[in-house]
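This structure is a prediction, so every number in the text was calculated from the model and none was measured. Just so you know, residue 1 is the first one in the sequence shown, and it goes up from there.
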Amino acid sequence: MEFAEWVCELSQRTNRSLAGARVYVPDGAQCDTVCAQGGTDLLLRLRAWGLVPTGEREGADFVWGELPEEADLSGALLMDRAAAHMPVSTGLARELGETGLLDGVRIGICLVLEPKTSVLVQLLHDVGAEVGVFAPAAEVDQRVADDLRRRGFTVEADASWDATADHDGALRLLDELRPDLIIDDGASFARLAVLERPELAAALGGVAEETTSGVRAFVAMDEADALPWPVVAVNDSRLKTRFDNRHGTGETCVTTMQRLLGPTCFDGARVTVVGYGPVGEGFALRARALGAEVTVCDADPTRALEAAFAGFAARDLTDALADADIVVSATGIRHTLTVDHLRCMRKNATLAVIGGIANEIALDELPPLAPTRQDGIDLLTVPGGPTLCLLAGGDGVNYTAGGGNPIEVMDLSFAVQLSAVEHLLRHRGQLPHHVLRLDAEVDDRIARRALGVRGYAASTVSGDTSPTISDWKLTRFADEAQGGRHV
């Protein structure tokens, strides 16, 4: 089997994390084809993707070359499949329930509505919370929304809604649930409360924010002295940024684009990645592993230098666009790609967003899209410029046209969300109205759980590992007072 086809289909059919997964490779197994730049060694290509090759079938997560049958699963079955691979969140929720902190607490959730989110909703409900859900139409898996409604949850989300219906649904959830806490994505739901339901906003105990773009918005509110409650920046947790962004988004954006464009779409393609944060880095590494020639554009000189040290060409954006076959925006910043930028691109080049904020591409300054050419691909005609192939309508490609971040990755992110909820409740009324970060101890606790369920462990150390030096007089040089020993 072709390597590119296997990783694409395995990721998209299972929504499992390939990064860190064990794959059984039978003796003598090879790729059927060789990508332009990926090399011929199957084991090297598996490791470049983050998979762990093993010669033992027992305990392996996957078998090289094998794929599960595709099935049209119900929302309930999708949730059950996700729950089976979310042991960290499940364990933390159970412990949180034993504290009684969540009894009767009303929690409004605004996240991409897909199977992993439904697991979080059910976990919070099972430990005592009253939970309501909102998601904009582009981020709704209708099977999941329907299943949650059947379970008795308040769900204001429908894949058929337009922008007006989305807005009305969000306000209905605020009015009916009157949440004590909000778990937000992009800071949109909580800011809606501030702007249009100030009396409800004033009664909130706090917000846990999932995304980079949302944290930026709350930081702006904080700097303007406009935060009426504390915000826990879940996104800034190491377990969010280093795993959800780098591995989860990086991986699934690549495989979703393969699903839309064909499994070998990166083989020999000239790919420009705009933004070399964790998302851009994760995407660039995997696209290169599939044979792409990757150029990175970042306005931060240090990040651009990091890209260069990772073996990528670092160039100015305008220069890099002209010969790119595929351009992806990975910044989470509005108008990263302006209309003038789009005019620099070559005809029929592919354009995608993996950062995930509205109008990361300046679509609001362009005429409406032409009729969809095929599922997930629109023809975008740029006035005075080329016609481009736009993926997922310019929304985040992995959650709009695919299944979103992998189950095991969201297990980590939602474990941080649960910890943020616990922090807000345990210290309610005592926290400053600023953007706050959880202690590193929280990440360590979750990471140890995640290592344990994988059969791994963090190392134990001896000696003084504190970051400070208790006796500054001890140096590397010989000290006569200590018998000439070096210390």
Side-chain angles (χ1 to χ4, degrees), residues 109-114 117 133-141 156-171 173-174 182-196 207 209-221 231 233 235 244-245 249 252-253 256-257 273-275 277 279-280 283 317 327-342 350-369 372 376-378 380 382 388-402 404-405:
I109 293 181
C110 175
L111 296 171
V112 177
L113 188 50
E114 38 87 16
T117 302
V133 185
F134 166 77
E139 300 175 9
V140 175
D141 184 324
E156 292 292 349
D158 194 292
S160 67
W161 284 356
D162 60 14
T164 299
D166 279 345
H167 176 264
D168 293 345
L171 289 178
L173 182 61
L174 286 170
I182 285 175
I183 295 175
D184 213 346
D185 182 328
S188 294
F189 192 57
R191 284 185 291 167
L192 178 69
V194 172
L195 295 170
E196 300 193 35
V207 177
E209 172 54 47
E210 176 80 4
T211 65
T212 304
S213 56
V215 171
R216 288 190 186 122
F218 283 132
V219 168
M221 290 179 70
V231 172
N235 177 79
D244 187 304
N245 295 6
T249 306
T252 55
C253 284
T256 302
M257 290 177 66
V273 178
V274 188
V279 169
F283 183 94
L317 176 56
V327 176
V328 298
S329 179
T331 66
I333 296 173
R334 183 175 180 271
H335 285 198
T336 292
L337 292 170
T338 67
V339 175
D340 285 340
H341 286 138
L342 302 184
T350 297
L351 188 59
V353 169
I354 65 175
I357 192 173
N359 294 308
E360 199 161 321
I361 301 168
L363 299 176
D364 52 334
E365 296 185 352
L366 291 173
L369 294 172
T372 301
I377 304 177
D378 291 297
L380 176 64
V382 181
L388 305 171
C389 297
L390 177 68
L391 303 188
D395 290 319
V397 68
N398 66 329
Y399 58 79
T400 304
N405 282 346

- Chi angles and distances behind the side-chain contact (heavy atoms from CB on, under 4.5 Å) call for Val328, Leu391: CA-CA 10 Å; Val328 298; Leu391 303 188; over 6 Å; no
- Evaluate the criterion side-chain contact (heavy atoms from CB on, under 4.5 Å) for residue pair Glu139 and Asp395; output intermediate values, then yes/no. CA-CA 9 Å; Glu139 300 175 9; Asp395 290 319; over 6 Å; no
- Would you check, one step at a time, whether the test side-chain contact (heavy atoms from CB on, under 4.5 Å) holds for Val327 with His341? CA-CA 11 Å; Val327 176; His341 286 138; over 6 Å; no
- Message: Before you tell me yes or no, could you show the steps for Thr252 and Tyr399 under side-chain contact (heavy atoms from CB on, under 4.5 Å), namely the whole-Å CA-CA distance, both residues' side-chain angles and the distance that decides it to 0.1 Å?
- Response: CA-CA 9 Å; Thr252 55; Tyr399 58 79; over 6 Å; no
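Across all non-hydrogen atoms, the minimal contact from Ala330 to Val279 is CB-CG1, 4.2 Å. Nearest heavy-atom pair, Glu114 versus Asp141, reported as atom, atom and distance to 0.1 Å: CA-CB, 4.3 Å. Between Leu192 and Ala170, the shortest heavy-atom contact is CD2-CB, 3.5 Å. The nearest pair of heavy atoms linking Val215 to Ala233 is CG2-CB, 3.8 Å.
Side chain of Ser213 to backbone of Gly186: no donor-acceptor contact under 3.5 angstrom is found. Of the possible polar contacts, one joining the Asp158 side chain to the Ser160 backbone as a donor-acceptor pair under 3.5 Å is found. Side-chain N or O atoms of Asp166 include none that pairs as donor or acceptor with a backbone N or O of Trp161 at under 3.5 Å.
Judged as a salt bridge (Lys or Arg N to Asp or Glu O under 4.0 Å), and not counting sequence neighbours, Asp184 has no contacts. Qualifying side-chain contact (heavy atoms from CB on, under 4.5 Å) partners for Ala157, counting only residues two or more places apart in sequence or in other chains: Leu113, Ala135, Val140, Val155. Applying the side-chain contact (heavy atoms from CB on, under 4.5 Å) criterion to Cys253, with sequence neighbours excluded, gives Thr249, Phe283, Ile354, Val397, Asn398. Under the side-chain contact (heavy atoms from CB on, under 4.5 Å) criterion, Ala187 pairs with Arg191, Glu209, Ala217, Phe218, sequence neighbours left out. Annotation: side-chain contact (heavy atoms from CB on, under 4.5 Å) contacts of Ala220 (sequence neighbours excluded): none.
Atom CG of Leu111 sits about 5.0 Å away from atom OG1 of Thr117, to the nearest 0.5 Å. Taken to the nearest 0.5 Å, the CG atom of Asn235 stands 3.5 Å off from the OG1 atom of Thr212. Of the inter-residue distances, the one linking Thr336 atom OG1 with Leu317 atom CG reads 9.0 Å to the nearest 0.5 angstrom.
For the residue pair Thr338/Asp340, the side-chain donor-acceptor check at 3.5 Å is not satisfied.
Inter-residue side-chain proximity for Val353 and Thr400 is flagged as unmet; no heavy-atom pair is nearer than 4.5 Å. At least one side-chain heavy atom of Met221 sits less than 4.5 Å from a side-chain heavy atom of Val194. With contacts defined as side-chain heavy-atom distances shorter than 4.5 Å, the pair Ile109/Phe189 does not qualify.
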Only distances under 3.5 Å count here; give the side-chain donor-acceptor pairs of residues 355-363 to other protein atoms, sequence neighbours excluded, each with its distance to 0.1 Å.
{"residue": "Asn359", "atom": "OD1", "partner": "Asp364", "partner atom": "N", "Å": "3.3"}
{"residue": "Glu360", "atom": "OE1", "partner": "Gly332", "partner atom": "N", "Å": "3.3"}
{"residue": "Glu360", "atom": "OE1", "partner": "Gly356", "partner atom": "N", "Å": "3.0"}
{"residue": "Glu360", "atom": "OE1", "partner": "Ile357", "partner atom": "N", "Å": "3.3"}
{"residue": "Glu360", "atom": "OE2", "partner": "Ser329", "partner atom": "OG", "Å": "2.7"}
{"residue": "Glu360", "atom": "OE2", "partner": "Thr331", "partner atom": "N", "Å": "3.1"}
{"residue": "Glu360", "atom": "OE2", "partner": "Thr331", "partner atom": "OG1", "Å": "3.4"}
{"residue": "Glu360", "atom": "OE2", "partner": "Gly332", "partner atom": "N", "Å": "3.2"}

